[in-house]
Protein chains: 2
Amino acid sequence: MSIFAALADPTRRGIVESLARGALSSGEIAERFDISASAISQHLKVLREAQVVRVRAEAQRRIYELDPHGVAELSRWVEELKGFWAPRFDALEAELRKPAGRPRKRRKEK
Amino acid sequence: MSIFAALADPTRRGIVESLARGALSSGEIAERFDISASAISQHLKVLREAQVVRVRAEAQRRIYELDPHGVAELSRWVEELKGFWAPRFDALEAELRKPAGRPRKRRKEK
DNA sequence: TGCTTAATTTAGCTGATACTAAAATAACAA
DNA sequence: TTGTTATTTTAGTATCAGCTAAATTAAGCA
């Protein structure tokens, strides 16, 4: 599964954001969310397989932390995207300073 | 929908990568993929709503291009993640230079 | 040996997502 | 007008993702 698919789920992004502050056990992660430990474990599996996080065992506990591979891969993809833009960068900078740009609903857009 | 959910789908990432090279009409995008123009249009809608792309009309054509808002948002999230790591950055750099780190299947891992 | 704690795996349900085909919208051209 | 081209929207279907509950694995401790 791609790193983007792994990060598509808000709970999984929450886990990643938690781990950015430091390593946590599976149980400590589960405490922070209102879903079962089982569900958390399944999310952690997805994140592991996408190399967004990695585990080490410590007695019965599994300690999770961010995996540099996944973050580096994500970073590379984004940087490459921005790279193609380089020639047009000034225009974009200006663009970003404009008001808000929230999805202006023209017709009725359900 | 979050920008990550929008980028979770491989076809949508392909569209974004195509648009990184420059603006394209809906039809030109559809040519590049083996799915119906309808499916592409639905993908474009998801990307539009996540502000990953934006459209302008040109006669009957809809010209799509990357939307700086979405890319900036994505970039910010990733940079922030890396930011938390800053203190530990040397260790990570070393980590990234190691062999491969593909998911080594220990037990039987379906 | 059990019992407890920590975590994962499996099974099954439900809702969301990606697709096609067909209908609708819209601009241009004869 | 009527037809053609470009695109979107709607309807319907099939597959997938995320959840809970229950079973399983595994380490530590009495």
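Values reported hereafter were calculated over all heavy atoms of this structure, with side chains retained and with hydrogens, waters and symmetry mates removed.
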What's touching nucleotides 1-6 of chain D from the protein side, N or O pairs under 3.5 Å?
from: D:dA6; atom 1: OP1; to: B:Arg61; atom 2: NH2; distance (Å): 3.3

Extract from the structure each pairing of a protein N or O with an N or O of nucleotides 19-23 of chain C at less than 3.5 Å, listing the distance.
from: C:dC19; atom 1: OP2; to: B:His43; atom 2: NE2; distance (Å): 2.2
from: C:dC19; atom 1: N4; to: B:Gln42; atom 2: OE1; distance (Å): 3.2
from: C:dT20; atom 1: OP2; to: B:Ser36; atom 2: N; distance (Å): 3.0
from: C:dT20; atom 1: OP2; to: B:Ser36; atom 2: OG; distance (Å): 2.9
from: C:dT20; atom 1: O4; to: B:Gln42; atom 2: NE2; distance (Å): 3.2
from: C:dA21; atom 1: N6; to: B:Ser38; atom 2: OG; distance (Å): 2.8

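No side-chain heavy atom of A:Arg54 sits under 4.5 Å from any side-chain heavy atom of A:Leu66. Considering only heavy atoms from C-beta on, A:Ile63 stays 4.5 Å or farther from A:Val55 through its side chain. The closest side-chain heavy-atom distance from A:Asp9 to A:His43 is below 4.5 Å. The shortest distance between side-chain heavy atoms of A:Lys45 and A:Arg48 falls below 4.5 Å. Side-chain atoms of A:Arg32 and A:Ser18, non-hydrogen and from C-beta on, do get closer than 4.5 Å to each other. In this structure, the side chains of A:Glu28 and A:Tyr64 stay at 4.5 Å or more apart for every pair of heavy atoms. The shortest distance between side-chain heavy atoms of A:Val53 and A:Leu19 falls below 4.5 Å.
Rounded to an integer number of Å, the gap from CD of B:Glu58 to P of C:dC28 is 11 Å. The separation between A:Phe33 atom CZ and D:dT20 atom P is 13 Å, rounded to whole Å. Following rounding to the nearest Å, A:Ile29 (CD1) and C:dA7 (C1') show an atom-to-atom distance of 11 Å. C:dA6 atom P lies 17 Å from atom CZ of A:Arg56, rounded to whole Å. In this structure, A:Phe4 atom CZ and C:dT17 atom C1' are separated by 19 Å, rounded to whole Å. One can place CG of A:Leu7 at 15 Å from P of D:dA17, the figure rounded to the nearest angstrom. We find that CD1 of A:Ile40 is positioned 15 Å from P of D:dA21, with the value rounded to whole Å. C:dA7 atom C1' lies 15 Å from atom CG of A:Leu24, rounded to whole Å.
Residue pairs meeting the ring pair (Phe, Tyr, Trp, His ring centres under 6.0 Å) criterion with at least one partner in residues 2-26 of chain B, sequence neighbours excluded, are B:Phe4-B:Trp77.
Residue A:Tyr64 places no side-chain N or O under 4.0 Å from the OP1 or OP2 atom of C:dA6.
One finds the CG atom of A:Leu74 at 9.0 Å from the NZ atom of B:Lys82 (value rounded to the nearest 0.5 Å).
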